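Below is one structure, written out as structure tokens, with a few remarks after it.
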Amino acid sequence: MTFAEMVYALCRTIPAGKVTTYKALARALGISSSQAVGQALKRNPYAPLVPCHRVIKSDGSIGGFKGKIVGTEIEEKVRLLEREGITISQGMVDLVKFGWFEI
DNA sequence: GTTGTGACGGGTC
DNA sequence: CGACCCGCCACAA
């Protein structure tokens with residue numbers, strides 16, 4: 001069980017209609033660096049299995065999915081999140097309402 | 001074993 | 001509010 005595996009396992013537990021942050025996941029794994037979580041998600045071999053689109057930055061912004069925010073590429077993911085009931089304004093998610101962690 | 005870098009966070013300037 | 005710098009952990013070269 002590698003660090004990345006634990007990240008994937010944790011992401012799978014994210015309920016639909018909720019989002020979490022890199023920091024929250026990192027903290028749940030016992031570390032302080034959210035970058036490590038990003039590394040794992042970025043290289044996730046479980047693309048559709050792990051809902052990486054539900055993992056966002058702590059400030060509510062989407063962050064990135066395939067590398068960086070590239071124009072309308074994000075729009076597709078935003079639409080998917082909205083389908084789960086998550087409201088997004090200008091690429092920002094309301095963590096107070098949809099944050100899957102103790103706010 | 002060392003170095004560099006990244007889907008990041010927080011604090012300062 | 002935006003730009004900059006430092007810290008942070010894991011992984012690839």
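A note on names: the letters A, B, ... follow the listed sequences, proteins ahead of strands, and every chain is numbered from 1. Predicted model, so just to flag it, every value in this text is computed and none were measured.
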Original post:
Ignoring hydrogens and geometry, is there a side-chain-to-backbone donor-acceptor pair from Arg12(A) to Leu49(A) under 3.5 Å?
Top reply: no
Subject >> Atom-pair distance (CZ on Phe3(A); P on dC11(C)), nearest Å >> reply: 7 Å
Original post:
Rounded to whole angstroms, how far apart are CG on Asn44(A) and P on dA10(C)?
Top reply: 18 Å
**OP:** Rounded off to whole Å, could you give me the CE-to-P distance for the Met92(A) and dC1(C) pair?
**Re:** 10 Å
**OP:** Ignoring backbone atoms, establish whether Ser32(A) has a side-chain N or O less than 4.0 Å from OP1 or OP2 of dC8(C).
**Re:** no
**OP:** Might you point out which heavy atoms bring Gly17(A) and Phe98(A) nearest each other, and give the distance in Å?
**Re:** O-CD2, 3.7 Å
Subject >> For atom NZ of Lys23(A) and atom P of dG10(B), their distance in whole Å >> reply: 5 Å
**OP:** Give the rounded distance in Å between these two atoms: CG of Asp59(A) and P of dA7(B).
**Re:** 15 Å
**OP:** Would you indicate which nucleotide in dT5(B), dG9(B), dA7(B) comes nearest to any side-chain atom of Gln39(A)?
**Re:** dT5(B)
Subject >> Inter-residue atom distance Lys23(A).NZ - Ser32(A).OG, 0.5 Å rounding >> reply: 6.5 Å
Subject >> Spacing of Tyr8(A) atom OH and Arg43(A) atom CZ [to the nearest 0.5 Å] >> reply: 9.0 Å
**OP:** Would you check, one step at a time, whether the test side chain to side chain contact (heavy atoms under 4.5 Å, CB included) holds for Met1(A) with Met6(A)?
**Re:** CA-CA 7 Å; Met1(A) 179 68 84; Met6(A) 294 194 291; 3.7 Å; yes
Subject >> Gap between atoms CZ and C1', on Arg43(A) and dC9(C) respectively (whole Å) >> reply: 14 Å
Original post:
Quick one: which of dG9(B), dG6(B), dC11(C) gets closest to the side chain of Thr2(A)?
Top reply: dC11(C)
Subject >> Whole-Å distance separating the NZ atom of Lys42(A) from the P atom of dC8(B) >> reply: 10 Å
**OP:** Between dG6(B), dC8(B), dC9(C), spot the one nearest the side chain of Ile31(A), thanks.
**Re:** dC9(C)
Original post:
To the nearest angstrom, how far is Leu29(A) atom CG from dC8(C) atom P?
Top reply: 18 Å
Subject >> Heavy-atom protein contacts under 4.0 Å, nucleotides 2-7 of chain C, coded B base, S sugar-phosphate only, - none >> reply: ------
Original post:
Which distance, rounded to the nearest 0.5 Å, do you find between the NZ of Lys18(A) and the CD1 of Ile86(A)?
Top reply: 9.0 Å
Original post:
In Å, rounded to the nearest 0.5 Å, how long is the span from CD1 of Ile56(A) to OH of Tyr22(A)?
Top reply: 8.5 Å
